[in-house]
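I have placed the structure first, in the form of structure tokens, so that the comments after it can refer back to it.
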There are 2 protein chains.
Amino acid sequence: MAKENTSMYIILGLLEHEDLSGYDIKKKIDFMISHFWEIGYGQIYPTLKTMEENGMITKKVSETSKGPEKNLYSITDSGREVLKEWLLLPEAKEYTKYEILVKLFFGKLVSEEENRKRIELFQERHLQNAAIMKMFRTNLEQVLKESEDHLYYYLTVLFGEKIYNAYIEWAKEAEELLGKKNENDNLHKGDNE
Amino acid sequence: MAKENTSMYIILGLLEHEDLSGYDIKKKIDFMISHFWEIGYGQIYPTLKTMEENGMITKKVSETSKGPEKNLYSITDSGREVLKEWLLLPEAKEYTKYEILVKLFFGKLVSEEENRKRIELFQERHLQNAAIMKMFRTNLEQVLKESEDHLYYYLTVLFGEKIYNAYIEWAKEAEELLGKKNENDNLHKGDNE
DNA sequence: CAATTCATGTAAGGTGTTACATGATTAC
DNA sequence: GTAATCATGTAACACCTTACATGAATTG
């Protein structure tokens, strides 16, 4: 058995709620979870296979009236136990890799324009992400008034929004700082003329 | 050759500034870079080996008066070129994995106490990180007044501080939301008595 | 004299990504 | 009819972590 295998627990968690195919699982993850944990098909299908072999889930081939045939998976009691045990364990610390910061860290080696462009693109990407999260949050808030079923989902969306906003704020400040540097450069240029 | 191999470029970037041993490289990364990109010895030593084979760096064994012998690496012109080319490429999007959010997403399956405890620990960890970043930033600001040599380093520290603060803010709000839920629960409890 | 730090490295295994392969159905 | 979506899967490889192994020197 694997050591961590968070993908497996994500699949278990989703199946605890409803029966799903590998394809469905991917869609759910992309929509609700991918902002803090991405998984590809290359991980999902093999994992489903070993999970079935280990008795955590069962497969039934569903002959839908239309479309290709689906493998529908259901969680077993054993799977439910494995999931709950895992949920009680302390989690590993978050795992973040920001290639943009590595490149910026060595920013002296390229032109300032290059660095500024990089930060702008980063900011644009995350303005979009922040907008998506805000939309999700607003929709969820309507639903939360009636029942708190989605409270934990809401917490993850809130997290996403906060982080993306922090990215955007940083990008603004970073651009200002580079701009200030430019002004100084120009002043000094003026001194020498 | 590898496809991305960001570790390699980090090593090149550090060697562009000064000659270092594998051990030195690890220390530098831990101190300045690990907040956005971690690397272990298991990656550094093998990478140095292949980099030497590919002519990006050269090794000289330094017989220091005291302590064990060191392998000091220097970047070559070829290595410098490889680094600069990479610095001009657009970066991959950031890679983040938050196991805590996965566990929270399925938070309904465990007790609320469990979830609250989790968030508190997360917050404590990042209060410490934020404090470290603030200290770094304050120190760097003193230096920046004299020369802007460390401006790019400063930008990465600023990033760290913003992100850790966003984590902390989120944790506060999340705790409040869980608390509010509790109050509601108690109210409903009262209704039924 | 015991623990920590300095210093280098290997082996094994787990994790994750990318590319490839296939084929039916649906929407334009 | 062509492009996109539905649906499943494999193979290769790149990446990264962990554990192990060794031994000298320094610090308390």
Side-chain angles (χ1 to χ4, degrees), chain A residues 1-11 19-31 33-34 36-54 57 59-73 92-99 102, chain B residues 1-11 19-31 33-34 36-54 57 59-73 92-99 102:
Chain A
M1 259 282 83
K3 263 193 195 162
E4 299 262 322
N5 213 346
T6 309
S7 315
M8 188 182 86
Y9 299 108
I10 292 175
I11 293 173
D19 293 357
L20 295 165
S21 68
Y23 194 79
D24 297 335
I25 289 169
K26 172 76 164 112
K27 272 191 302 180
K28 290 240 163 198
I29 291 172
D30 284 351
F31 187 66
I33 298 179
S34 63
F36 49 91
W37 202 288
E38 280 181 84
I39 311 185
Y41 286 121
Q43 259 182 288
I44 290 172
Y45 288 117
T47 303
L48 282 169
K49 205 178 174 183
T50 59
M51 285 167 77
E52 201 198 350
E53 283 162 14
N54 293 329
I57 57 176
K59 174 167 90 175
K60 55 176 175 245
V61 178
S62 123
E63 298 280 350
T64 40
S65 49
K66 47 187 179 178
E69 63 177 20
K70 268 182 155 188
N71 296 337
L72 255 197
Y73 292 94
K93 81 186 223 302
E94 54 282 359
Y95 185 77
T96 58
K97 303 230 154 178
Y98 298 94
E99 205 185 296
V102 175
Chain B
M1 257 283 85
K3 261 194 196 163
E4 299 263 322
N5 214 346
T6 309
S7 314
M8 187 183 85
Y9 298 108
I10 292 176
I11 294 173
D19 293 357
L20 295 165
S21 69
Y23 194 80
D24 297 334
I25 288 169
K26 171 77 164 114
K27 272 191 303 180
K28 290 241 162 195
I29 291 172
D30 283 352
F31 187 66
I33 298 179
S34 63
F36 50 90
W37 203 288
E38 281 181 82
I39 311 185
Y41 287 121
Q43 258 182 287
I44 290 172
Y45 287 117
T47 304
L48 282 169
K49 204 179 174 182
T50 58
M51 285 167 76
E52 201 198 350
E53 282 162 14
N54 292 328
I57 57 176
K59 174 168 90 174
K60 53 178 176 240
V61 177
S62 121
E63 299 278 350
T64 39
S65 48
K66 47 189 179 177
E69 63 177 21
K70 269 182 156 188
N71 296 337
L72 256 197
Y73 292 94
K93 81 185 223 302
E94 54 283 358
Y95 184 76
T96 59
K97 302 231 155 177
Y98 298 94
E99 204 185 297
V102 174

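Throughout, protein chains are lettered first and strands after them, A, B, ... in sequence-line order, and every chain is numbered starting at 1. The basis for the numbers below is simple: all heavy atoms, side chains too, and nothing from hydrogens, waters or symmetry mates.
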Problem set entry | Step-by-step side chain to side chain contact (heavy atoms under 4.5 Å, CB included) determination, B/Ile25 to B/Leu48 | CA-CA 10 Å; B/Ile25 288 169; B/Leu48 282 169; 4.1 Å; yes
For this session: Using a 4.5 Å cut-off on heavy atoms from C-beta on, say whether the side chain of A/Lys97 contacts that of B/Thr6.
Result: no
Seminar exercise, completed: B/Lys26 NZ to C/dT5 P, in whole Å, measures 14 Å
Exercise. Are the side chains of B/Thr96 and A/Tyr98 in touch, meaning some heavy atoms are under 4.5 Å apart?
Worked result: yes
Exercise. What is the distance from CD1 of A/Ile11 to P of C/dT15, rounded to the nearest Å?
Worked result: 13 Å
Exercise. To the nearest Å, how far apart are A/Ile10 CD1 and C/dT15 C1'?
Worked result: 13 Å
Exercise. Tell me: CD1 of B/Ile39 to P of D/dA14, nearest whole Å?
Worked result: 18 Å
Find every protein N or O atom lying less than 3.5 Å from an N or O atom of nucleotides 9-12 of chain D, and list the pairs.
from, atom 1, to, atom 2, distance (Å)
D/dG9, OP1, A/Asn71, ND2, 3.2
D/dG9, OP2, A/Asn71, ND2, 3.1
D/dT10, OP1, A/Lys49, NZ, 3.3

Exercise. For the helix from C/dC1-D/dG28 to C/dC28-D/dG1, what angle lies between the axis at the first five pairs and the axis at the last five pairs, to 10 degrees?
Worked result: 50°
Problem set entry | Validation row: A/Tyr9, B/Val102 side chains within 4.5 angstrom (heavy atoms) | no
For this session: Answer yes or no: is there a side-chain heavy-atom contact under 4.5 Å between A/Trp37 and B/Glu99?
Result: yes
For this session: Whole angstrom is fine here: how far is it from OH in A/Tyr9 over to P in C/dG16?
Result: 13 Å
Exercise. To the nearest 0.5 Å, how far apart are CG in A/Asn71 and CG in A/Asp24?
Worked result: 10.5 Å
For this session: Let me know the distance between CD1 of A/Ile44 and P of C/dT18, rounded to the nearest Å.
Result: 14 Å
Could you go through residues 38-47 of chain B and list every donor-acceptor pair under 3.5 Å that involves a side-chain atom there, pairing it with any protein atom two or more places apart or in another chain?
from, atom 1, to, atom 2, distance (Å)
B/Glu38, OE2, A/Lys93, NZ, 2.7
B/Gln43, NE2, B/Ser7, OG, 2.8
B/Thr47, OG1, B/Gln43, O, 2.5

Problem set entry | Phosphate contact (C/dT15 OP1 or OP2) by A/Gln43 side-chain N/O below 4.0 Å | no
Problem set entry | C/dT15 OP1/OP2 closer than 4.0 Å to side-chain N/O of A/Thr6 | no
For this session: Taking only the side-chain nitrogens and oxygens of A/Ser7, find out if one of them lies under 4.0 Å from OP1 or OP2 of C/dG16.
Result: yes
For this session: Give the rounded distance in Å between these two atoms: CG of A/Asn5 and P of C/dG14.
Result: 10 Å
Exercise. So what does B/Lys97 touch, heavy atoms closer than 4.0 Å: a base, only the sugar-phosphate, or nothing?
Worked result: sugar-phosphate
For this session: Look at A/Tyr95 and D/dT17 and indicate whether a side-chain polar atom (N or O) is within less than 4.0 Å of OP1 or OP2.
Result: yes
Exercise. CD of A/Glu99 versus P of D/dC16: gap in Å, rounded?
Worked result: 10 Å
Problem set entry | Under 3.5 Å: donor-acceptor pair, side chain of B/Asp30, backbone of B/Lys27 | no
For this session: Considering non-hydrogen atoms only, spot the tightest contact between B/Leu20 and B/Leu72 and give its length.
Result: C-CD2, 3.4 Å
Exercise. Under 4.0 Å: is that the gap between some side-chain N or O of B/Tyr23 and OP1 or OP2 of C/dT8?
Worked result: no
